[in-house]
Amino acid sequence: MTWKLQAITGEFTGKEITIERDMLVGRHQDADILLQSADISRRHAALLLKDQMLWVQDLNSSNGTFINDLRIDQETELHDGDILQFSSFVFSVLAPVTELPEIEVEPVSSTAHDQGMPSIAERAVETPISRDGMPQQVAIPKPAPIPEHVNIQAAAEQQPVVNKAPVAQEKEQQKNASVGLISIIVLMILAMVAWLFFK
């Protein structure tokens, strides 16, 4: 299990630093993580491994050590995703990846298909195919059972039958009314003409 620091800023940006033992951070030539900057102290901080966990300790640096933007003054445990900052150098903490145990999957026995649907291989062998590539003699599945509360004997709703005879009668009546109205108007005009003529 190996902890890592991924550089977010500075000369190491994008690179990962592996933490496999206790390491010194600073600008001193003996530092395990050498950060060449005037704002980094010679012996800035220490990274410590204790019981598979990673800790950081500030070594009375001038510009401080920060975890998630909070300055620390004592040994502090680091967690996956923490942002660790030595003055202006920013790193992301990457915890070791624990591998999950492999899960064995038992193959499905052919007896499992006896009760249900056949396997694809079995279906491919049993189903004849036409020259067009269409499956032939495919069995139609049984329909789902009808729920008990559904009455299949119930009569279908009767649709109202429209009698077209009243429509024809109505049109005839409208025609007769129009003829009658026109006749009255013509008679009135004739009566007025006769009255004017015989006056």
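Numbering of residues begins at 1 and proceeds along the displayed sequence.
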Ala45 and Thr65: which non-hydrogen atoms are nearest, and at how many Å? CB-OG1, 3.8 Å
Please tell me if the side chains of Arg43 and Asn60 come closer than 4.5 Å, counting only heavy atoms from C-beta onward. no
In this structure, CG of Asp82 is separated from CG of Leu5 (nearest 0.5 Å) by 10.5 Å
Kindly compute the distance separating CD1 (Ile72) from CD (Glu77), expressed to the nearest 0.5 Å. 12.0 Å
Short side-chain to backbone donor-acceptor contact, Trp55 and Ala46, under 3.5 Å: no
Can you spot which of Ile8, Ile17, Ile83 makes a side-chain contact (heavy atoms from CB on, under 4.5 Å) with Phe91? Ile17
Kindly say whether Val90 contributes a backbone atom to a donor-acceptor pair with the side chain of Thr9 at under 3.5 angstrom? yes
Taking Ser41 for the side chain and Ser62 for the main chain, is one N or O donor matched with an acceptor at less than 3.5 Å? yes
Please evaluate residues His44 and Leu35 with respect to the criterion side chain to side chain contact (heavy atoms under 4.5 Å, CB included), reporting the C-alpha separation (whole Å), side-chain torsions for both, the decisive distance (0.1 Å), and the verdict. CA-CA 9 Å; His44 195 96; Leu35 302 176; over 6 Å; no
Going through the checks in order, is the side chain to side chain contact (heavy atoms under 4.5 Å, CB included) test met by Val25 and Val56? CA-CA 10 Å; Val25 179; Val56 64; over 6 Å; no
Tell me the closest heavy-atom pair linking Leu34 and Gln36, and the distance in Å. CD2-NE2, 3.3 Å
Do Leu48 and Leu24 belong together in a cluster built from hydrophobic side chains that touch within less than 4.5 Å? no
How far apart are the closest heavy atoms of Arg27 and Ile40, and which atoms are they? NE-O, 2.6 Å
Exam field: side chain Asp80 to backbone Ala95, donor-acceptor pair closer than 3.5 Å: yes
Between Trp3 and Met53, is there a side-chain heavy-atom distance shorter than 4.5 Å? yes
How far apart are the C-alpha atoms of Gln174 and Glu170, what are their side-chain angles, what is the distance that settles it, and do they pass the side chain to side chain contact (heavy atoms under 4.5 Å, CB included) test? CA-CA 6 Å; Gln174 287 178 351; Glu170 189 174 327; 4.0 Å; yes
CG of Asp22 to CG of Leu49, rounded to nearest 0.5 Å, is 6.0 Å
Any donor-acceptor pair under 3.5 Å from Asn63 side chain to Asp39 backbone: yes
Starting from Phe66, can I reach Leu59 by hopping between I/L/V/M/F/W/Y residues whose side chains sit under 4.5 Å apart? no
So, do Thr18 and Lys4 sit near enough that their side-chain heavy atoms are less than 4.5 Å apart? yes
Thr76 side, atom OG1; Asn68 side, atom CG - distance, nearest 0.5 Å: 11.0 Å
Interatomic distance, Asn176 atom CG to Lys171 atom NZ [nearest 0.5 angstrom]: 14.5 Å
Assess whether atom NZ of Lys175 is packed by more than 12 heavy atoms of other residues, nucleotides or ligands within 6.0 Å. no
Side-chain touch Asp73/Arg71, heavy atoms, less than 4.5 angstrom: no
Honestly curious: do Leu78 and Phe89 fall in one hydrophobic cluster under the side-chain, below-4.5 Å linking rule? yes
Of Leu181, Leu187, Ile182, which is the lone residue that meets side-chain contact (heavy atoms from CB on, under 4.5 Å) with Ile185? Leu181
Donor-acceptor check, side chain of His79 to backbone of Leu54, threshold 3.5 angstrom: yes or no? no
Side-chain touch Val93/Ile67, heavy atoms, less than 4.5 angstrom: no
Atom CD in Gln57, atom CD in Gln74: separation rounded to 0.5 Å? 9.5 Å
